[in-house]
Every structure is written in structure tokens, then in C-alpha cells.
Amino acid sequence: MIPRIFQLAFALMKQEAQQRTTDRLTFACTCSFLEIYNEHFYDLLSPKCTSLEVHEGPSGNVFVKSLSKHPFSCFAAVMALVQRGAKNWRVAGTNMNRESSRSHSFFTCNIESTRASAIAGLLSSTSLTSQALKASGATEERLKEATSINTSLSQLGKVIMALLESLKDEKRHVPYRNSKLTFLLKDSLGGNFKTTMVVCISLPLEGSYRESLGTLKFAQRAKLVHNKAVVNEATEGEKDALKKEIARLKVVGLLAQKAAAGGEDAQECMESLSLELAGVREELARAGST
């Protein structure tokens with residue numbers, strides 16, 4: 001999925017830049033890749049980074065402090081980063097898979113477009129794994145890993161149920177902080193994200209029927225959660241433009257007053273006012289065409 005997502009993303013960015021050549025539209029892209037292994041965070045792109053902790057910002061956004069961010073500018077560059085991180089992702093053999101994921105992983109990409117203002121978009125791809133303890137034959141270290149994985153998934157199920165109940169009772173507490181997985185998924189579940197869940201199940205064979213049915217029921221509940229996504233636009237870059245516009249409007253108002261009062265400068269003021277109004281019409285026409 002990730003290759004297809006970024007092929008489309010770069011195609012859209014190229015198209016947008018070509019359509020807005022006069023706006024000097026630019027894009028800046030960074031990504032990070034982490035895993036949650038036995039309830040600890042690990043940076044898959046910078047394994048030496050330690051002491052990673054999840055925090056909640058003033059606006060309610062959740063982030064992992066000290067997680068490395070890597071810039072990229074093309075499809076080949078981002079895929080190289082994905083492959084590099086995948087080599088550090090913990091896997092091990094079980095009775096069910098030769099390479100079974102031993103952790104949940106998050107590949108997150110931030111894309112920011114800049115013109116007069118900055119609009120930022122966050123794309124997060126989360127890979128959730130589950131473990132059938134008996135069927136996998138997990139023991140010792142594999143059993144510890146499987147227990148941690150299933151415990152966090154259980155907490156995720158509780159969060160989803162609490163979110164559904166909060167639709168009827170707004171005071172219902174949602175236990176996001178009960179696990180690192182659910183806390184990191186706070187924006188994706190009931191937050192400022194548009195979320196899509198892709199479910200991978202086995203063929204309806206006798207050995208995997210219960211696991212597949214459980215996965216489908218989990219997805220069915222998650223589908224009922226409602227998010228409220230809004231455009232993340234930073235207005236800081238517009239301050240200077242707004243100040244200039246206010247100053248210009250003051251001049252226009254002064255010219256209009258002089259023109260209305262008559263006198264020797266009335267004709268000159270009318271001409272200046274006409275030029276200002278013509279400029280406003282051109283700006284409105286350009287805004288309408290975009």
C-alpha cells in the first residue's frame with residue numbers, strides 16, 4: 001500500500017505545483033518510522049535514538065518526543081527510507097508464520113505546502129499485528145511479545161467501545177492512555193484524522209476461522225467511530241500580507257473621502273481610487289480562477 005500511496009501523493013503534488021506556478025507553491029516532506037515492542041518505542045530509522053516517550057501537545061495532538069524525522073523529495077527517496085526501517089522491524093518465526101511481526105509499527109509522513117500560508121497534512125500508516133497464542137506455539141520470549149501485542153489490542157478495543165458509547169454520552173471517558181498504542185492512535189480514532197482501516201484475513205479454513213471472524217468484528221466496530229477532520233492551515237505567514245492589506249484599505253478610504261469632499265485634488269483622488277479598485281478586481285478574478 002505504501003508505494004501506491006506515495007506514487008499518488010507525488011503525482012498530486014506535481015499537478016498542484018504546475019497549476020499554481022504564479023503562487024510559487026512548494027512542498028516539504030519528512031517522515032518517521034517507529035515500532036511499539038513490549039510497550040516501548042523504538043526508532044526504526046535511527047536505532048540509536050533511545051528514551052522515546054509519547055506526549056500530548058497544547059492543542060491535543062499526540063507526538064513522540066525525540067523521534068527522528070527524515071526529509072525526502074521523491075518517490076525513490078521515501079521508499080529507501082521505508083526499506084531501511086523495515087530491516088530494523090522485529091520479526092520472528094512461529095508455527096503460523098516464518099516471519100511474524102513482533103510489534104506494531106507506525107510510518108508517518110508530514111507534507112507541508114507553502115504559499116502565503118502553510119497547509120500541513122499528516123499521513124500515518126499503522127501496521128497492527130495480532131497473535132493466536134496456542135496456534136502460534138509461542139513460548140518464552142515469543143510468548144512475552146505475543147502477550148504484549150494482544151494486551152494493547154485489547155485496550156484498543158476498549159477505546160473503540162468507549163468512543164461508540166460517547167456518541168450517546170459525551171461525558172464518557174475514553175481510556176486512550178491505557179496503552180502506548182491507543183495513546184498514539186488518539187488522533188486517528190475520534191480526532192483530527194480521516195482514517196481508513198484495511199483488514200487482512202485468511203481464507204475461511206477451519207484453523208483460522210475464529211481469528212478471521214474476530215478481526216472482521218473488530219473492523220466493524222471501528223467503522224462506527226466518527227472523526228472530525230479539519231484543514232491544518234497556519235495563518236502565521238499571512239500576518240505581513242494582512243498588515244499590508246489594512247494599510248492599503250486605509251489609503252483607499254482616505255482617497256474616497258477626499259474625492260467626495262471635492263476641491264483641487266478631487267480629480268487626482270478619483271483617478272487613484274479607480275486604479276486601486278481595478279487592482280482589487282484583478283485580485284478577485286485570480287482568486288476565483290483558482
Side-chain angles (χ1 to χ4, degrees), residues 1-16 27-37 41-45 62-64 67-92 96-113 120-131 149 152-153 156-157 160 180-182 184-204 208 211-225 227 229 232:
M1 281 189 62
I2 289 180
R4 293 182 180 181
I5 289 171
F6 282 101
Q7 283 177 339
L8 177 60
F10 278 107
L12 292 175
M13 284 189 281
K14 182 179 179 180
Q15 179 182 344
E16 189 75 6
F27 292 94
C29 307
T30 59
C31 70
S32 59
F33 201 175
L34 68 84
E35 69 175 349
I36 303 177
Y37 175 74
F41 289 118
Y42 294 90
D43 191 330
L44 295 178
L45 292 176
V62 177
F63 63 95
V64 177
L67 180 66
S68 65
K69 295 182 180 180
H70 302 259
F72 62 91
S73 57
C74 64
F75 176 77
V78 70
M79 291 311 301
L81 288 168
V82 171
Q83 293 169 4
R84 191 174 107 195
K87 291 179 180 179
N88 297 319
W89 192 356
R90 288 174 173 81
V91 296
M96 299 184 72
N97 295 293
R98 284 182 300 176
E99 293 185 351
S100 175
S101 301
R102 312 315 298 164
S103 63
H104 306 299
S105 69
F106 291 77
F107 182 80
T108 304
C109 168
N110 185 79
I111 301 176
E112 184 173 313
S113 64
L122 192 66
L123 173 65
S124 182
S125 176
T126 305
S127 177
L128 301 178
T129 185
S130 62
Q131 300 290 316
I149 289 170
S152 60
L153 287 179
L156 179 57
I160 290 174
K180 292 186 176 180
L181 173 66
T182 53
L184 204 55
L185 285 173
K186 182 180 179 182
D187 289 330
S188 299
L189 294 170
N192 186 26
F193 268 38
K194 289 185 178 180
T195 301
T196 299
M197 176 175 283
V198 178
V199 175
C200 299
I201 60 174
S202 303
L203 293 173
S208 59
E211 288 80 5
S212 296
L213 181 61
T215 300
L216 289 172
K217 287 183 176 180
F218 176 81
Q220 185 180 35
R221 291 193 299 270
K223 187 179 178 181
L224 299 175
V225 175
N227 287 8
N232 297 317

(message) Quick one, Met13 and Cys29 - any side-chain contact, counting heavy atoms below 4.5 Å?
(response) yes
(request) Return yes if some donor-acceptor pair links the side-chain N/O of Arg84 with the main-chain N/O of Leu45 below 3.5 Å, else return no. (result) yes
(request) Give a yes or no answer on whether the side chain of Asn227 reaches the backbone of Ser188 with a donor-acceptor pair at less than 3.5 Å. (result) yes
(message) Does Gln7, at its CD atom, have more than 12 non-hydrogen atoms belonging to other residues, nucleotides or ligands within less than 6.0 Å?
(response) yes
(message) Please find the pair of heavy atoms, one from Ser103 and one from Thr129, that lie closest to each other, and give the distance.
(response) O-CG2, 3.4 Å
(request) Tell me, please, which residues at least two apart from Leu216 pass side-chain contact (heavy atoms from CB on, under 4.5 Å). (result) Val199, Ile201
(message) Working to the nearest 0.5 angstrom, can you tell me the gap between Phe27 CZ and Glu112 CD?
(response) 11.0 Å
(request) Compute both the distance and the angle, then confirm whether Arg90 meets the cation-pi test with Tyr42: under 6.0 Å from the six-membered ring centre, within 45 degrees of the axis. (result) yes
(message) Counting C-beta onward and ignoring hydrogens, is there a side-chain heavy-atom pair between Ser105 and Phe33 closer than 4.5 Å?
(response) yes
(request) Taking all non-hydrogen atoms of both residues into account, name the closest pair between Val225 and Ile160 and its distance. (result) CG2-CG2, 4.1 Å
(message) Working note: Ile5 + Phe107, criterion side chain to side chain contact (heavy atoms under 4.5 Å, CB included); need CA distance, chi angles, decisive distance, verdict.
(response) CA-CA 12 Å; Ile5 289 171; Phe107 182 80; over 6 Å; no
(request) Find the distance between CG (Leu128) and CD1 (Ile149) and round it off to the nearest 0.5 Å. (result) 10.5 Å
(request) Measure the shortest side-chain to side-chain distance between Thr195 and Leu185 over non-hydrogen atoms and say whether it is less than 4.5 angstrom. (result) no
(message) For a quick check under 3.5 Å, do Ser101 and Trp89 share a side-chain donor-acceptor pair by atom type?
(response) no
(request) Find out whether Leu184 and Leu34 are in side-chain contact, i.e. whether some heavy atom of one side chain is under 4.5 Å from a heavy atom of the other. (result) yes
(message) Less than 4.5 Å apart, side chain to side chain, heavy atoms only: is that true for Met197 and Phe218?
(response) yes
(request) Could you tell me the separation between the CG atom of Leu12 and the CZ atom of Phe6, rounded to the nearest 0.5 Å? (result) 12.5 Å
(message) Once rounded to the nearest 0.5 Å, what's the spacing between atom CG of Leu122 and atom CG of Asn192?
(response) 9.5 Å
(request) Determine, step by step, whether His104 and Ser127 satisfy the side-chain hydrogen bond (donor to acceptor under 3.5 Å, both in side chains) criterion, reporting the C-alpha distance in whole Å, the side-chain angles of both residues, the deciding distance to 0.1 Å, and the verdict. (result) CA-CA 6 Å; His104 306 299; Ser127 177; over 6 Å; no
(message) Nearest 0.5 angstrom please: Asn110 CG to Thr30 OG1, how far?
(response) 4.5 Å
(request) Apply side chain to side chain contact (heavy atoms under 4.5 Å, CB included) to the pair Leu123 and Thr108, showing each step before the final yes or no. (result) CA-CA 6 Å; Leu123 173 65; Thr108 304; over 6 Å; no
(request) To the nearest 0.5 Å, tell me how far Asn88 CG sits from Leu44 CG. (result) 6.0 Å
Ignoring hydrogens and angles, write down the donor-acceptor pairs under 3.5 Å from the side chains of residues 67-77, residues two or more places apart or on other chains.
unit_1	atom_1	unit_2	atom_2	d
Ser68	OG	Asp43	OD1	3.3
Ser68	OG	Asp43	OD2	2.7
Ser68	OG	Ser46	OG	3.2
Ser68	OG	His70	NE2	2.9

